[in-house]
Amino acid sequence: MMISRGLFGWSPPHIQPLTPVSEVSEPPESPSPYLDASAETSGQPVEPEEEMEEPEEMEPPPAAVPFSRLFACADRLDWVLMFVGSLAAAAHGAALVVYLHFFAKIVQVLWMSRGPNGEPSSEFTEEQHQKLIDLALTIVHIATAVFCAGWIEVSCWILTGERQTAVIRSKYVQVLLNQDMSFFDTYGNNGDIVSQVLSDVLLIQSALSEKVGNYVHNMATFFTGLIIGFVNCWQIALITLATGPFIVAAGGISNIFLHRLAENIQDAYAEAASIAEQAVSYIRTLYAFTNETLAKYSYATSLQATLRYGILISLVQGLGLGFTYGLAICSCALQLWVGRFLVVHGKAHGGEIVTALFAVILSGLGLNQAATNFYSFDQGRIAAYRLFEMISRSSSTVNQEGTTLPSVQGNIEFRNVYFSYLSRPEIPILSGFYLTVPAKKAVALVGRNGSGKSSIIPLMERFYDPTLGEVLLDGENIKNLKLEWLRSQIGLVTQEPALLSLSIRDNIAYGRDATFDQIEEAAKIAHAHTFISSLEKGYETQVGRAGLPLTEEQKIKLSIARAVLLNPSILLLDEVTGGLDFEAERTVQEALDLLMLGRSTIIIARRLSLIRNADYIAVMEEGQLVEMGTHDELLNLDGLYAELLKAEEAAKLPRRMPMRNYKETATFQIEKDSSASHSYQEPSSPKMNKSPSLQRVPGIFRPADGTFNSQESPKVLSPPAEKMMENGQTLDGVEKEPSIVRQDSFEMRLPELPKIDVHAAHRQTSNGSDPESPVSPLLTSDPKNERSHSQTFSRPLSHSDDFPIKVSEAKDIRKEAPSFWRLAELSFAEWLYAMLGSIGAAIFGSFNPLLAYVIALIVTAYSRTDETHHIKKEVDKWCLIIACMGVVTVVANFLQHFYFGIMGEKMTERVRRMMFSAMLRNEVGWFDEEDNSADTLSMRLANDATFVRAAFSNRLSIFIQDSAAVIVAVLIGMLLQWRYALVALATLPFLTVSAIAQKLWLAGFSRGIQEMHRKASLVLEDAVRNIYTVVAFCAGNKVMELYRLQLEKIFMQSFLKGMAIGFAFGVSQFLLFASNALLLWYTAFSVKHDYMELPTALKEYMVFSFATFALVEPFGLAPYILKRRKSLISVFEIIDRMPKIDPDDNSAVKPSNVYGSIELKNVDFCYPTRPEVLVLSNFSLKVNGGQTVAVVGVSGSGKSTIISLMERFYDPVAGQVLLDGRDLKLYNLRWLRNHLGLVQQEPIIFSTTIRENIIYARHNASEAEMKEAARIANAHHFISSLPHGYDTHVGMRGVDLTPGQKQRIAIARVVLKNAPILLLDEASSSIESESSRVVQEALDTLIMGNKTTILIAHRAAMMRHVDNIVVLNGGRIVEEGTHDTLVAKNGLYVQLMQPHFGKGLRQHRLV
């Protein structure tokens, strides 16, 4: 009884806004069983949070294990721990109800004071005093018991959970590392299998530890509640049970609506989120076309739907809770009214009636709380099913027996081998393949893509067995050999060297026991010793995802060192030098030559120029060997090898249309992308790197310009199978297609394209709309000719919108959390709602002690049995008042939740808009930082804004409600007896500590430990990603051992943590009961010393027992408030940040015309994310107006950086960039970008229609202009052929375009923008030959206009049209001149035009 919160009950889920991120908002106040006494209500509204997830399970239920199977991994100790834990939980759960039983006895002490005629007397006998003191002691005993039970309960369950899941984890990992390779082909060998397991195990852990304890605890409350209710007064207990269903129904109905709305609000926000995510992912494109305002407008508009649903949710919540509480209070009135008859007829006394009433309510609450655990049980059972199914999979079929050969000569033979991968058995890889590799010789395998050459390595390593035929080593079928022995004889060096998150030393040893000298010797042979020694920690340097990022070359050297250490008889090389530049390729090749001496070697080659020196070359086609011999023999044969060689040479000849053969490119493509993403080469990835897998790239290196984004990735990478067949054949039509006509038509139509109206930008300033308002006309063009919506969107949102900007100028960035006042300022606009909500909250809060007071009055009235008439009048009067309070409660709750809800929703929406506007003011360098990746920023927009709301409107609501309760309680107490009120207040600090501990416990014990498990799983994820290497080097046991060590560490920590949490929790429970005992003792003391009458004493005791929890509630929120501070700081950090490059500087110049002469003067530049790498040093370049200059250079030489500097995505560290003789910093940033047309290397297509994508450049363009731009870009034809033409949706939810088509849309965009200066980062790297030609034409056409053009070129075909060519290397210009003069020089330019030079991607960019 003592404890009530909210209105005697927990403060219900009410204060949880179900904003898009339902879990985030307010802490689910999960009604905790030991709280509540008077919590009538409470049996009812199940926390929405728990149910939120249920609707997803509507499809046929997923397979799950029976509940008992969850404990499959428990040993004897675990069963003991669980048994003891359950006993303690039951004792703990029963404690509160047992206390209620003694409460009845306390009230009964009143009845003892009777005068001789039975009328109450005011004498307080010694006997009564003694009884009260005894009762107070009993409560202290209960408190001590609860302390022990709480401690034991929590400690036992945490321990056993951790122990059992450690077993499950180890078993799973063991099985995982022993799987056949076909398993990884089917399930993917990225880290997902591991992270999936991690989350599954956490679900099981939660189900079998804390949730079982919680369930036992609550069920104990349920049963003891019923028993004690019926023991004290069965009539009242029955009536209470009968009214229960109505109260439940009220809560249930509102919950059903809340789920529906919560789903809707999720969907509504998803659209806004995708707008924000696209804007941030493609920030360079957005800035280049100065479309910040359009993005803000779209975002603001799509937030409106979220706002509507949010307000509906508040409405439903207000009514649902109002009725739940209202009915509960009315049912209370009914019980007390019935109690009058029982008292008059001597069937019961007041104490028993109140005890029975609240015991039954408590038991209902317990049942309801117990039910919330079922969801976790189901999740755990489903997760266990997935895991156990995997654990019971037979691990790989390999025989660990088998023979070993006494000595290995190294003769390898493939006899009539047929093979296809298990994951796609219908595609034959090898069919009747024969090959002999003589001992100590090197054989290179070549062939087109799909010829089956890559499958030789896995067959040799026995990752797979052939379907038919056999693989022999020294005449013995490798199936008969002991697997581990076989693999120890084979050294494998692959294109993508696998590093574990360990030290360099461990990575070279890779599971072998080797001395340090051996490791060092191996590193020397592999040419790796020098770079390792130059590192600060040398061989102990941590690498891998958690450590130091290495370059491709360094990784390959480590992988060679690993093979050297193994000292194998057989060597398998998989096109190792593919992704390296010229210099690195040479050193690696030297290391490999050393390694190959005297070993049988199989080389899988994709570039023929590298293997001329092999002893034999085997040529494969469609899974069969077609030719074999030395380089010269095969050339004389003039067969497939000669054809492949010609095709490769053809790629080097100038003046041919780009005719690329898939054989080379496709295989390289993947590697180009993977290596680029790790290497420190070309830094300016033309856009934010979307794909999350790439964002984990370790360390400070930004992904290079080869990165691709997740939406396009798979398609770009490997050409479809049917196209591969054309690979080597020339595409005849290519040269014949006439291209002159296109240019003529372009010249004729050019004048129709309007030039950008430079003055429009000036006119705009007079338009008076605040540039920052998320809804303001498009900044940089004339508002009169905007698309229709531009007028509609200057809605006066002024109260909030001009606000953020002023604030951000006023304050510098500070790290402390924003003041409460700052939060209040954000919601000034809604002051009226706040007033109405506060009135509701205050009324509802004050009912808590008032109700306790009225019940106390009724109980005192009961005690006057002599005056039946008087009892009837009194009790009827007070019961009517309670019923009225019930009705008022409905209104008060509605006011509180509805109006605070509206206020919160509006605040969330406003904060999101402010954050988004602020993000779009920042310079590009800000988006390069790890913390500001697209994913992180979208998460912040989604979640952090709801924290602001939680920190303010939800906190305010609870604060007002509880303050009202405290004030009213203290007032009643003071009026009755001031001394008593003071003693009650003195217990407050203890209760506060108790409430905080309680809340932390409810938040679940496992939070901190999850983080440690995530770190432990990094080792595993690396192993699974690189499973081939791990298996080839038999390092599985090493990985397992490392993981076990991590688990042991975690176990120790969780053991200590469990004891600590348990202890704290026990103490908190102890304080709760002890405070109550103190009050009771003081009651006895006061009455004995005549400070107050007995009836007054009873009223005081009841009011304060009830009110204590209301006093404590606000403090219980403390941990959540602290946790949120971080998010609040991050919100205001974004809003207050001053950009380093200010886009809105209206004092900057906006000249009326542009000549287009560009000059870079002594520029030094490094990217802000890695200041130690100087990309350009003392760089100077001049481009006269109307000139076209091509920039070529090795990957990483700083080509794309020039474009980024021109667009002012970054400012140079030193030196100047001039346009028409003025420093770029003097121009208004948006004006400047309006005069630059940018085509990026990776074309960015937004998820909307093709039309929207093209007019992205100029929103007021007419239909005719848009189509003309598409024609010039060679895009009109393919767009018209689509079913919806220009209205076809593309991007995430629409049609997938080929890279070539995307490129042409991007070109059309620039044509339409018609800017005087063009910056082209030519992107023919990922485009198939046919469309590469079309794109080429479009680019040629674009350059033909008399505009200043800077072209980052990769292919010779472009060089014919340019006025000047600049060759870069290492951030400096090394050669300059026209194509012919540079060819005559025969320097770096000529080398660059050689296809095999540079990152493997060069070859299909050059013609």
Side-chain angles (χ1 to χ4, degrees), residues 11 13-29 265 303 306-307 310-311 313-314 317-318 797 799-801 803-804 806-808 811 814 816-842 844-845 895-916 918 940-964 1113-1136:
S11 136
H14 58 233
I15 338 227
Q16 262 184 90
L18 283 164
T19 5
V21 238
S22 56
E23 319 70 14
V24 196
S25 310
E26 214 23 334
E29 282 297 354
I265 203 171
L303 281 178
T306 319
L307 186 64
I311 290 174
I313 283 182
S314 310
Q317 249 177 352
L797 280 168
H799 53 252
S800 67
D801 299 322
F803 167 75
K806 294 177 207 143
V807 175
S808 66
K811 303 189 182 171
R814 307 145 311 147
E816 72 261 17
S819 61
F820 189 74
W821 190 241
R822 172 96 194 254
L823 294 174
E825 280 184 314
L826 281 176
S827 47
F828 273 169
E830 282 84 44
W831 65 270
L832 185 66
Y833 297 139
M835 288 292 300
L836 291 165
S838 305
I839 292 170
F844 184 55
L895 286 175
Q896 179 183 357
H897 295 294
F898 182 56
Y899 287 113
F900 273 124
I902 294 182
M903 184 176 144
E905 285 299 331
K906 291 208 161 181
M907 192 164 175
T908 304
E909 186 251 3
R910 180 168 312 130
V911 170
R912 279 187 177 139
R913 276 197 336 242
M914 286 165 63
M915 282 174 74
F916 188 60
R940 278 187 179 182
L941 278 173
N943 300 352
D944 291 2
T946 52
F947 284 142
V948 175
R949 163 214 180 119
F952 184 72
S953 72
N954 304 356
R955 221 197 290 180
L956 191 64
S957 160
I958 291 184
F959 178 75
I960 290 173
Q961 178 183 322
D962 290 332
S963 310
E1113 183 66 21
F1115 303 101
L1117 292 176
Y1120 291 92
I1121 292 167
L1122 293 173
K1123 196 168 79 185
R1124 296 261 159 72
R1125 283 176 67 124
K1126 210 157 86 223
S1127 312
L1128 288 183
I1129 293 173
S1130 94
V1131 168
F1132 287 102
E1133 242 175 27
I1134 291 180
I1135 292 176
D1136 296 340

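In this text, all values refer to a predicted model and were calculated from it rather than measured experimentally.
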Next on the checklist: Checking E830 against R910 for the salt bridge (Lys or Arg N to Asp or Glu O under 4.0 Å) test, could you report, in this order, the C-alpha distance in whole Å, the side-chain angles of both residues, the deciding distance, and whether it holds?
Outcome noted: CA-CA 12 Å; E830 282 84 44; R910 180 168 312 130; 3.1 Å; yes
Heavy-atom nearest pair, A842 first then A964, reads O-CB, 3.3 Å
Between Y833 and I902, the two heavy atoms sitting closest are CE1-CG2, 3.5 Å
- Message: Between F828 and W821, is the ring centroid distance below 6.0 Å?
- Response: yes
With sequence neighbours left out, the residues meeting side chain to side chain contact (heavy atoms under 4.5 Å, CB included) with A841 are Q896, F900, I960, Q961
For R912 and A945 the tightest heavy-atom approach is CG-CB, 3.5 Å
Across all chains, not counting sequence neighbours, the side chain to side chain contact (heavy atoms under 4.5 Å, CB included) partners of L895 are V891, Y899
What one should report as the nearest heavy-atom pair of H897 and S314 is O-CB, 3.6 Å
Smallest heavy-atom separation, M903 atom then A834 atom, equals SD-CB, 3.5 Å
With sequence neighbours left out, the residues meeting ring-ring contact (aromatic ring centres under 6.0 Å, His included) with W831 are none
Result for side chain to side chain contact (heavy atoms under 4.5 Å, CB included) between F1132 and one of D1136, I1134, I1129 points to D1136
So OG1 of T946 and CD of E905: to nearest 0.5 Å the spacing works out to 9.5 Å
Minimal heavy-atom distance between E909 and L307, with the atoms involved, is CB-CD1, 4.2 Å
